[in-house]
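Since the structure comes first, as structure tokens, the remarks are kept for the end.
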Amino acid sequence: MKALLLTGRSLKQGIGKEVGKVTEKYKESVAMCEIHPKDVEELGIKDGENVSITTKFGSVVVKSVSSQNIAEPGIIFIPYGPYASMLVDYDTCSTGMPTLKGIVAEVKPAPSERILDVKELVKYLGR
Amino acid sequence: MVIVQNIVCPICGCACDDIEATVEGNKIVKVKNSCSISASKFLNFWKERNLSSLIRKNGELAPTSLEEAVEKTAEILVNAEYPLVYGFALSGCEAQAVGVELAEEIGGVIDNQTVTCHGPSALGLHDVGMPGCTLGEVRHRADLIVYWGSNFQEAHPRHLARYSALSEGRFRKGRKDRKVVVIDVRKTPSARVADLFIPIAPGQDYELMSALRMALNNDEIEEESVAGLPVDKIEELAEMLRSCQFGILFYGLGLTMSRGKERNIDQAVSLVCDLNKWTKFVIMPMRGHYNVTGMNEVTAWQTGYPYAVDFSHGYPWYNPGETTSIDILRRGECDAALIVASDPLAHFPKEVGQNLCKIPFAVIDPHMSMTALAADVVMPCAFTGIEAEGSAYRMDTVPLPLKKVIESPPGILSDEELVGMILKRVKSKRRR
Ligand code: SF4
């Protein structure tokens, strides 16, 4: 399914980051993707099942969350953090600011794929 | 048991200065007046904490002495040709000032989290200025409050209660005296507390602001709808904006991070300027970290520029797009870094993070983070505003004192002290 990816703050992410950035609580708050209930249906997944999100810039597996916060189908939301950062556009168009909202993405069911933890993401980045 | 009052909350740009903490035996056991994020920090910050300096040996981080960590950091920075000093939005102004001095000493770049939040606001401000006010004025006077691209209920949970719609001011007594408009691409919890929620199509903020300006100036809009909003609704909104007595446009990352970036800010400021033909209207960015505004102030008073300042020429040079940390790292120009109170690996686009992982870098942070896990040197520091004093600038650039509520664990210094130790070591190495 094609979608437009938005990133941003969430209350859970705010609370999770204050507990600690390598804790399970933080991971749970950021390794997720809010999807419109109609899109959850279209994907044929159960709410909470893992999905893979792919953009021109990268790919990541996160947990799906059916959400009324999404105003209309075709829009998905991932909170700021290590998972959203795998997918966003690095080009700043000479402004210094990367594009972190409004990125074209492909969403696929990934019930058998695992969500990487922060340590695994560090390895993936090259350390 | 001691009750410490009027603590400035060291989390978001609201910098609420009424937090009350109950301290028992150097531990905060209860907090009052805090939001859920603030309570999470005050009650949990000491858990999951790293209390030892770490250094990378054979590919793994291993405990080391603070002296060795400082020595290694100084060595990394002195040996670099184009080092980056990054972060400080969660530090006090005093640490920030030492950070700027360090960047100048090593001929590097000093940059901060503005680069991934309100950098475009700084650029917009350079272009067209910014008619602002303090949050106190909003509380006393505002009868129309517009939040554009800001999910304040989740990012700044007490903003509504302390500074805007729910606050009791001199001339506006509370919610019934004010109207709240939320304009956003998502129906966030913030949209639900608004009198009017306007959902707009992603990436079309610029178009909607242009249309609003046209409606205000009685120009004909030759479309049926703009950004998903029918023209008659745009005209109604324009009328609502110009007929208030004191309006404020609070805007968030929905404007700075989307298509248009600093042009969105130009347009938002121009809209507010237009509105001042009819009424009093002001604009304010919803700054995220509690002292990112302070880092802009400190960098500006020391160098003339608010962020992304390059000292490699021997004098301060500022050109966002060229001297911004994201661009320097993406182009692979930077060859070492010191990261202070920040987690860029978790928040920079992947390619940029991968390039940071290719160079030696040190981290000063009270917590372990994704960036700390990847660092060559990690130095734990005290939590400023809880375990160390300092100063911070609220989102409206009002400076506030940060309190030391409890003692930091033995041997854990403030980031100001740690950056100062590195600076001293760098100076002595360079003079050899
Ligand atoms: S709104 Fe922000 S500054 Fe105020 S208590 Fe909550 S996190 Fe702290």
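Quick note on labels: first sequence line is chain A, next is B, and so on, each numbered from 1. Just so you know, these numbers come straight off a predicted model, no measurement behind them.
Put simply, of A:Pro98, A:Gly8, A:Gly58, the one with the most heavy-atom pairs under 4.5 Å next to chain B is A:Pro98. Contact count against chain B (heavy-atom pairs under 4.5 Å) is highest for A:Thr95 among A:Val88, A:Thr95, A:Val122. Of the listed residues A:Tyr90, A:Tyr80, A:Tyr83, A:Tyr124, the one with more heavy-atom pairs under 4.5 angstrom with chain B than any other is A:Tyr90. Of the residues considered (B:Gly119, B:Cys35, B:Pro120, B:Pro199), B:Pro120 shows the highest number of contacts with chain A, using heavy-atom pairs under 4.5 Å. Listed options B:Thr114, B:Val185, B:Asp365 were ranked by heavy-atom pairs under 4.5 angstrom with chain A; first place goes to B:Val185. Interface check for chain A: of the options B:Lys41, B:Glu262, B:Gln153, B:Arg49, the most heavy-atom pairs under 4.5 Å are formed by B:Lys41. Of the listed residues B:Asp343, B:Leu123, B:Asn151, the one with more heavy-atom pairs under 4.5 angstrom with chain A than any other is B:Asp343. Taking A:Ser85, A:Ser94, A:Cys93 one by one and counting their heavy-atom pairs under 4.5 Å with chain B, the maximum is reached by A:Ser85. For the set B:Asp327, B:Asn319, B:Val352, the count of heavy-atom pairs under 4.5 angstrom toward chain A peaks at B:Asp327. In terms of heavy-atom pairs under 4.5 angstrom with chain B, the leader among A:Ala84, A:Gly16, A:Ser10, A:Gly102 is A:Ser10. Note on B:Ala39, B:Pro320, B:Ala375: by heavy-atom pairs under 4.5 Å with chain A, the leading option is B:Pro320.
Neither the backbone nor the side chain of B:Ala308 comes within less than 4.5 Å of any heavy atom in chain A. In this structure, chain B has a heavy atom under 4.5 Å from the side chain of A:Glu34, while its backbone stays farther away. Heavy-atom distances place both the backbone and the side chain of A:Lys17 under 4.5 Å from chain B. If you measure heavy-atom distances from B:Cys12 to chain A, you find no contacts under 4.5 Å at all. For B:Pro157, the part lying near chain A is the side chain, with the backbone staying farther off; criterion is any non-hydrogen pair under 4.5 Å. Neither the backbone nor the side chain of B:Phe42 comes within less than 4.5 Å of any heavy atom in chain A.
A distance of 12.5 Å separates CG in B:Leu253 from CG in A:Leu6, rounded to the nearest 0.5 Å. B:Cys357 contributes atom SG, which lies 11.5 Å from atom NZ of A:Lys123 (distance to the nearest 0.5 angstrom).
Considering only heavy atoms from C-beta on, A:Lys119 comes within 4.5 Å of B:Leu373 through its side chain. Looking only at side-chain heavy atoms (C-beta outward), B:Glu48 and A:Tyr26 stay at 4.5 Å or farther from each other. Considering only heavy atoms from C-beta on, B:Lys187 stays 4.5 Å or farther from A:Asn69 through its side chain. No side-chain heavy atom of B:Asn44 sits under 4.5 Å from any side-chain heavy atom of A:Lys25. B:Ser40 places a side-chain heavy atom less than 4.5 Å from the side chain of A:Val19. Within the 4.5 Å cutoff, the side chain of B:Lys350 has no heavy atoms near those of the A:Leu121 side chain. For the pair A:Thr7/B:His347, no side-chain contact is recorded, criterion being any heavy-atom separation below 4.5 Å from C-beta on.
Nearest heavy atom pair, residue A:Ile75 against residue B:Pro202, reads CD1-CG, 3.7 Å. Summarising the geometry of A:Leu11 relative to B:Glu154, their closest heavy-atom pair is N-OE1, 2.7 Å, with the distance given to 0.1 Å. When all heavy atoms of B:Arg330 and A:Asp91 are compared, the closest pair comes out as NH2-OD1, 4.5 Å. Heavy-atom minimum distance, A:Arg127 versus B:Leu356: NH2-O, 4.2 Å. For A:Lys101 against B:Ser258, the heavy-atom pair with the smallest separation is CD-OG, 3.9 Å. When all heavy atoms of A:Gly96 and B:Thr324 are compared, the pair lying nearest together is CA-OG1, 3.3 Å.
Here B:Lys358 pairs with B:Asn355 under the side chain to side chain donor-acceptor pair (under 3.5 Å) rule; sequence neighbours left out.
Side-chain contact annotation: B:Lys261 with A:Thr99, donor-acceptor N/O pair under 3.5 Å present.
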Stepwise side-chain contact (heavy atoms from CB on, under 4.5 Å) test for A:Arg9 and B:Thr188 = CA-CA 11 Å; A:Arg9 286 197 190 286; B:Thr188 61; over 6 Å; no
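Proximity of a side-chain donor or acceptor of A:Lys21 to a complementary backbone N or O of B:His367 within less than 3.5 Å is not detected.
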